[in-house]
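Reviewing the structure listed below.
Computed from a predicted structure; not experimentally measured. One-based numbering, in listed order, for ligands and for the atoms of each.
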Amino acid sequence: MAQLWGGRFTKDTSEAVYDFNASIKFDKRLFEQDIEGSLAHAAMLCRQGIITAEEGKLIEEGLKGIRDDVENKRLEIGMQYEDIHSFVETELTRRILDAGKKLHTGRSRNDQVALDMRLYTRERVRETDRLLKELLKVILDIMRENTDTFMPGFTHLQKAQPTTLAHHFGAYFEMFKRDRQRLSDIYARMNFCPLGAGALAGTTYPLDREYTAKLLGFTAPAANSMDCVSDRDYLIEFLSALSIVMMHLSRFCEEIILWNSNEYRFVEIDDAYSTGSSIMPQKKNPDVAELVRGKTGRVYGALMSLLTTMKGLPLAYNKDMQEDKEVSFDAMDTVRDCLSLFTGMLRTMKFCPQRMEQSALCGFTNATDAADYLVGKGVPFRDAHGIVGRLVLYCIEKDMAIDELSLEELKTFDDRFDVDVYQAISLKNCVEKRVTAGGPGSEAMKAEIEQCIVYLEQNKGIE
Ligand code: ARG
C-alpha cells in the first residue's frame with residue numbers, strides 16, 4: 001500500500017478495501033496530464049511566492065525527470081500506489097525530499113483529477129475530430145467519382161426513387177460534418193480550468209488561477225470552485241457525441257453489409273477487411289462492418305453509465321466520480337478504432353456501378369416520374385398516381401419495367417402517354433430532373449460537392 005494519507009487513522013485499511021478503492025490500474029493513463037498540471041501548479045506557487053524559487057526549480061526538474069524516466073522505461077508506474085497522483089507525488093518526494101512535499105500546497109486531488117481528466121479528454125476530442133476529417137475526405141472522394149453512378153434510393157428498404165451514389169454518400173458527409181461541429185462546440189464549452197478549486201471551497205493561499213489556466217491552454221479558470229470539482233458534464237457531452245458518431249457509423253455499416261451481400265452485390269469489401277468461415281469455403285464475411293455496428297452498444301453503455309453515476313450525487317466531489325474513467329476510456333478507444341478501421345474499409349471498397357444501375361432500372365423507381373409525366377400532360381397528380389399504380393401492377397404481372405412496354409400498351413392506361421415518355425422516365429433523366437438544391441441532379445450535386453470541398457478546406461481541425 002502506498003497512499004498520501006493516514007495521519008488520522010489508527011489502523012490500516014483492509015487490503016480488500018484498498019484494492020476496491022484504488023484507481024491506479026486505469027488512471028495511470030493520466031500520467032502525462034498529471035505531470036503537466038503539476039508543473040503548471042508548481043510554477044504558479046513559485047511565481048506567487050508560496051514556495052521558494054529553489055523549491056520551484058527542484059519540483060520542476062523532479063517532475064520532468066520522472067516523466068523522462070517513465071517515457072524511457074527506466075521507471076515503471078507501480079500498481080501498489082492508490083492512484084496516479086500518489087505515484088507522482090511519492091516518487092517526487094523520494095527524489096527531492098521535503099520540496100516534493102510542498103507540491104500539493106493549495107491543491108486537492110479533487111481539483112487535480114478534474115484537471116487531469118479534462119486535459120486528457122481535450123486531446124481525445126481533438127483526435128476524434130481528426131479521424132472524422134479523414135473519413136470525410138474519403139467520402140468526398142467517392143462522391144466526386146460517382147456523380148453519375150445511378151442507384152435506387154430506398155424508403156422502408158423498398159426501392160423508391162432513383163438517385164446516385166454521390167448523393168447517397170453526401171448524406172453521410174452531412175452526418176459526420178455535424179459530428180465534428182458537435183465536437184468543436186463541446187471543446188469550446190469544456191475548455192475552462194478547474195485547478196485552484198482545491199477540495200471544493202478554494203484555498204486560503206493567494207493562488208493565481210488565471211496564470212495556471214493560461215499555462216495549460218485554457219480559455220479561463222472555471223468560475224465556481226464547487227462546480228470545478230463536481231462537473232463531469234463535458235464527459236457526458238463527449239460520450240453523447242461519440243454515441244451519435246457510432247450511431248452514424250452503425251447505419252453506414254448496416255448498409256455496407258446489405259450492399260456487400262449476394263442479393264445486392266453493390267459493393268465488394270476488400271479482402272484485407274474481410275474474414276472467412278472455418279467451415280464454409282465460399283464465405284467472405286464483412287466482420288469489420290459488423291463489429292463496428294456491434295460496438296455501438298458499448299459506447300451507448302458508457303453514456304448511460306456516467307449519466308446514472310452522476311444523477312444522484314450531492315455537491316461536491318464524491319468517490320462515485322472515479323467511475324467516470326474506465327467507461328469513458330473504453331468509449332474513446334472504441335470510437336478511435338472504429339473510425340480508423342471503417343475509413344480504411346471504405347477507402348479500399350470496390351463499387352459495382354452496373355449492379356446498382358440494374359437494380360434501379362428494375363424496381364419501378366421511375367414510377368413517380370411516370371406520374372409526373374402525366375401531370376405535365378394536364379392530368380391531376382392524384383389521378384396520375386392511380387393510373388401509374390395500375391400500370392405498375394400490370395408490369396409486375398408481366399415481369400417487365402414500365403419503359404419496356406410498347407406505346408400501345410401504355411395508351412391502354414391513358415391515351416395522353418406519348419413517345420416522349422421513354423425519354424422522360426429514363427433513369428438518367430429521372431435523376432437529372434431532380435434539380436432542387438440538395439437533390440441528386442448533376443447541377444445540384446455539383447454545388448453540394450463544391451460546398452463539401454470548401455468546408456474541408458476551412459475546417460482544418462480544433463484550434
Ligand atoms: N481516483 C480519484 C478519482 O478518480 C481521484 C480523486 C480522489 N479524491 C479523493 N478525495 N479521494 O476520482
Practice task
Flag the pair E255 and R251 as a salt bridge only when some basic side-chain nitrogen lies within less than 4.0 angstrom of an acidic carboxylate oxygen.
Solution key: no
Run the numbers for me: atoms of ligand 1, each under 4.0 Å from some heavy atom of [X], listed by number.
X	value
S23	1 (N)
K325	3 (C), 4 (O), 12 (O)
Q322	1 (N), 2 (C), 3 (C), 4 (O), 12 (O)

Write out the residue and atom name of the closest protein heavy atom to [atom], then the distance separating them to 0.1 Å.
atom	value
atom 9 (C) of ligand 1	N110 OD1, 3.5 Å
atom 11 (N) of ligand 1	R109 NH2, 3.9 Å
atom 7 (C) of ligand 1	Y317 OH, 3.7 Å

Practice task
Compute the centroid of each ring, for F218 and then for F192, and state whether the two points are separated by less than 6.0 Å.
Solution key: no
Parallel, tilted or perpendicular, as decided by the 30° and 60° cut-offs, for the rings of [Y] and [X]:
X	Y	result
Y455	F173	perpendicular
Y81	F87	perpendicular
F169	F351	perpendicular

